[in-house]
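As a basis for the values below, the full set of heavy atoms in this structure was taken, side chains included, without hydrogen atoms, waters or symmetry mates. First the proteins, then the strands, lettered A, B, ... as listed; each starts at 1.
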There are 2 protein chains.
Amino acid sequence: MPTLEEVARHSGVSRSTVSRVINNDPHVSEETRQKVLQAIAELDYHPNAVARSLAAGHTQIIGLVIPTAVAMLFSDPYFPRLIQGVAAACNASDYSVMLWIGEPEYERRTIHRHLNSGLLDGIIVASAVRDDPVVSALHQSGLPFVMVGRPEDPTISYVDVDNVHGAREAVLHLLRQGYRRIATITGPLNTAAALDRLEGYRMALQSRGIAVDEALIAEGDFTEEGGALAMQQLLPHRPDALFCASDTMAQGAMRTIRAAGLRIPQEMAIVGYDDMPFAPNLEPPLTTVRQPIERMGQEAVALLLDLLAHPDDGPHHLVLPTELIIRASTARS
Amino acid sequence: MPTLEEVARHSGVSRSTVSRVINNDPHVSEETRQKVLQAIAELDYHPNAVARSLAAGHTQIIGLVIPTAVAMLFSDPYFPRLIQGVAAACNASDYSVMLWIGEPEYERRTIHRHLNSGLLDGIIVASAVRDDPVVSALHQSGLPFVMVGRPEDPTISYVDVDNVHGAREAVLHLLRQGYRRIATITGPLNTAAALDRLEGYRMALQSRGIAVDEALIAEGDFTEEGGALAMQQLLPHRPDALFCASDTMAQGAMRTIRAAGLRIPQEMAIVGYDDMPFAPNLEPPLTTVRQPIERMGQEAVALLLDLLAHPDDGPHHLVLPTELIIRASTARS
DNA sequence: TGAGCGTATGAGAGCGCTCCCAATCACGAA
DNA sequence: TTCGTGATTGGGAGCGCTCTCATACGCTCA
């Protein structure tokens with residue numbers, strides 16, 4: 001593995017000059033630049049990222065933390081898409097992504113060790129639950145970071161989708177279709193997304209003068225099984241429509257509904273959330289709220305890079321719009 | 001951020017000694033060790049990973065390359081689970097994971113730049129297609145690497161599942177149930193997994209003296225849509241059973257089958273592959289071949305670390321067993 | 001012709017750590 | 001007492017690069 005030094009010797013210039021051409025410093029004559037470039041090609045030289053980071057004081061690496069419980073990663077295409085978005089944006093900006101999946105047994109010491117190792121220039125935290133220890137550790141470490149999903153603390157930069165609005169539109173659609181006893185299966189209520197969607201549900205009903213019946217609200221956990229279970233609680237209260245805080249839970253709820261002998265959408269309309277790839281293939285195809293997951297990842301990177309460039313700026317908050325995708329599961333025939 | 005130097009001053013010993021206690025060198029008196037440990041705690045010192053890497057010549061970082069086309073990441077839980085396995089195993093061994101999602105536009109130069117930057121101690125390549133440029137680049141870079149999924153070149157270390165055997169068992173099950181005109185939807189035939197599963201299909205038929213009808217073989221692309229399309233090709237040839245090289249494609253095929261008015265499994269039995277989370281929830285629940293995806297990730301890390309420790313060992317090949325999960329989609333009633 | 005200025009280049013001091021080698025010391029053996 | 005021995009500790013030379021500063025070399029302009 002050739003070094004800067006060797007390239008310098010080979011092309012008859014100093015280390016500094018080679019460094020300049022590598023870093024595209026304009027203060028190099030065209031002639032010298034060519035000479036150096038040729039030496040680089042001949043020796044097949046590649047700068048050593050580690051040495052470069054040590055000298056420069058930054059690594060061009062950002063961390064992507066996914067502190068969610070292990071189980072969700074398995075079935076939910078949310079994270080792959082988010083990762084995809086983050087990776088794409090990083091590649092485009094010459095950053096690398098260090099993946100860090102928060103295992104439950106990770107305790108404070110390990111977290112700190114990673115955060116303070118100087119390996120990361122910044123961090124993106126995906127979908128933390130409330131009071132996540134990673135977030136507080138991050139906060140006191142002083143490392144720049146942005147969250148995907150609104151945190152409690154407004155001084156933190158984040159990008160999120162407009163969950164309240166998305167949920168409200170979904171429920172309003174149900175209302176417009178003439179449904180009146182609308183139930184909801186929420187996500188785990190220690191997440192901001194679940195809370196916001198529930199809030200949207202309430203707002204929609206209230207805006208039409210319909211009292212919220214707490215018996216029509218069941219808490220799920222974003223899993224298929226959890227959706228099926230929650231639906232069992234809901235069924236005795238005879239709702240005529242359902243707003244689910246995730247497509248995955250909607251899928252589970254549909255199973256329960258069918259098992260109870262009810263027809264969708266004639267006897268029970270359903271709206272999901274996420275517009276997962278399987279949503280159009282369900283029986284019947286699922287009306288749902290699409291959110292720009294991948295774009296969130298990209299915007300999170302953009303925000304973080306901005307934060308790295310201008311550390312003194314206040315926190316940035318970016319809220320992306322959602323889109324209601326209407327399919328057969330809410331078609332009052 | 002305090003440095004080694006400061007810890008040394010603060011505890012009244014030399015840099016070397018502090019370095020020793022950090023690295024658990026036994027040649028330090030208990031008394032000194034305590035003194036240093038205390039200074040470390042008081043200053044809240046954390047070693048700088050970058051400086052350490054530069055001096056030590058290795059980074060404790062491994063790369064996880066996913067060169068597959070973007071689309072698959074979206075719908076397929078395969079990668080999340082693999083990532084999960086890799087991350088877990090790395091954490092357990094004090095390594096970090098650098099994620100590298102191969103965008104199509106990544107050309108040779110970029111690949112080389114990453115491989116030769118010295119940032120990575122080793123690499124795990126997930127599911128490369130045949131003649132993937134990343135693999136050849138990796139080969140000539142001299143970086144230790146292992147693949148997930150059997151490569152053509154036997155000198156490369158890999159871990160894989162026994163795809164031939166898994167497919168054979170699946171088709172034999174169909175045969176045992178009395179089905180005779182068994183069709184198959186393969187994966188893209190430029191991947192080893194698809195080829196191996198097709199091979200298992202052929203072997204099963206031949207072992208029962210049944211001639212392979214090429215009209216009953218359709219190539220898919222591991223997507224739901226691809227499965228639906230492939231099934232349309234197959235239908236005119238009147239198969240009575242189907243072996244799908246992935247659950248996702250099976251899902252698509254079921255859609256086509258149902259649209260054609262055929263009942264599953266009475267008029268068309270189906271076996272999938274992967275045992276994805278949704279497989280038991282399909283209508284009817286899908287018989288499928290389960291493979292230990294997460295474990296593959298773990299074993300890949302184990303193999304790689306072994307390779308790092310013993311660079312001169314020959315290539316390791318590890319083939320994990322599959323398991324046939326029998327559900328209603330093959331229940332000849 | 002020489003002062004003044006801008007541009008191209010080189011020198012050298014780190015960045016924070018590891019690791020080899022030498023120095024020190026205590027202690028038992030000769 | 002002297003020397004060897006082994007356990008501790010310190011010194012110092014890098015790892016490969018960046019970056020500030022100083023130097024040198026043209027120019028232009030008076």
Report which part of the nucleic acid A:Ser16 touches: base, sugar-phosphate, or nothing (heavy-atom distance under 4.0 Å, all strands).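 Base: the residue A:Ser16, judged by heavy atoms under 4.0 Å, touches a nucleobase.
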Give the table of side-chain donor-acceptor pairs shorter than 3.5 Å for residues 298-314 of chain B, with sequence neighbours excluded, one pair per line with atom names and distance.
| from | atom 1 | to | atom 2 | distance (Å) |
| --- | --- | --- | --- | --- |
| B:Glu299 | OE2 | B:Arg295 | NE | 3.1 |
| B:Glu299 | OE2 | B:Arg295 | NH2 | 3.3 |
| B:Asp306 | OD2 | B:His316 | NE2 | 3.4 |

Can you tell me how far [atom2] of [N] sits from [atom1] of [X], to the nearest Å?
{"X": "A:Asn23", "N": "D:dC17", "atom1": "CG", "atom2": "C1'", "answer": "9 Å"}
{"X": "A:His27", "N": "D:dC19", "atom1": "NE2", "atom2": "P", "answer": "13 Å"}
{"X": "A:Glu5", "N": "D:dT18", "atom1": "CD", "atom2": "C1'", "answer": "14 Å"}
{"X": "A:Leu54", "N": "D:dT18", "atom1": "CG", "atom2": "P", "answer": "11 Å"}

Quick one: closest heavy-atom pair of [X] and [Y], and the distance?
{"X": "B:His27", "Y": "B:Arg20", "result": "O-CD, 4.1 Å"}
{"X": "B:Ile22", "Y": "B:Pro47", "result": "CG2-CG, 4.3 Å"}
{"X": "B:Ile101", "Y": "A:Ala87", "result": "CD1-CB, 4.1 Å"}

Is there a donor-acceptor contact under 3.5 Å linking the side chains of [X] and [Y]?
{"X": "A:Glu42", "Y": "A:Gln38", "answer": "yes"}
{"X": "B:Thr17", "Y": "B:Ser14", "answer": "yes"}
{"X": "B:Ser16", "Y": "B:Ser19", "answer": "no"}

Any donor-acceptor pair under 3.5 Å from B:Asp121 side chain to B:Ile62 backbone: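 No, B:Asp121 side chain to B:Ile62 backbone: no donor-acceptor pair under 3.5 Å.
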Where do A:Arg33 and A:Asp25 land on the salt bridge (Lys or Arg N to Asp or Glu O under 4.0 Å) test, with the steps shown first? CA-CA 10 Å; A:Arg33 179 184 306 280; A:Asp25 187 314; over 6 Å; no
Measure all distances between protein nitrogen or oxygen atoms and nitrogen or oxygen atoms of nucleotides 21-25 of chain D, and list the pairs falling under 3.5 Å.
none

For a quick test of your reading: what N or O donor-acceptor pairs under 3.5 Å do the side chains of residues 145-155 of chain A make, sequence neighbours left out?
| from | atom 1 | to | atom 2 | distance (Å) |
| --- | --- | --- | --- | --- |
| A:Arg150 | NE | A:Asp196 | OD2 | 3.4 |
| A:Arg150 | NH2 | A:Asp196 | OD1 | 2.6 |
| A:Arg150 | NH2 | A:Asp196 | OD2 | 3.1 |
| A:Asp153 | OD1 | A:Thr155 | N | 2.8 |
| A:Asp153 | OD1 | A:Thr155 | OG1 | 2.7 |
| A:Asp153 | OD2 | A:Thr155 | OG1 | 3.2 |

Working for salt bridge (Lys or Arg N to Asp or Glu O under 4.0 Å), residues B:Glu294 and B:Arg81: CA-CA 5 Å; B:Glu294 209 171 331; B:Arg81 292 170 76 165; 5.1 Å; no
Tell me the bend of the helix from C:dT1-D:dA30 to C:dA30-D:dT1 as the angle between end helix axes, each from five pairs, rounded to the nearest 10 degrees.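 Overall, the helix from C:dT1-D:dA30 to C:dA30-D:dT1 bends by 60° from one end axis to the other.
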Which sits closer to the 5' end of DNA chain C, A:Arg15 or A:Pro26, going by the nucleotide each is nearest to?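 First, find each residue's nearest nucleotide; the 5'-ward one identifies A:Pro26.
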Judged by each residue's nearest nucleotide on DNA chain C, which is more toward the 5′ side, A:Val28 or B:Ala55?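 This one resolves to A:Val28.
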Range on DNA chain C touched by chain A, heavy atoms, distance below 4.0 Å: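 Range of nucleotides touched by chain A: C:dA8 to C:dG16.
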Of the residues in residues 32-52 of chain A, which ones touch DNA chain C at a heavy-atom distance under 4.0 Å?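 Close to the strand are A:Thr32.
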Measuring only between side-chain heavy atoms, which start at C-beta, is B:Asp160 closer than 4.5 Å to B:Leu320?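 Not in contact.
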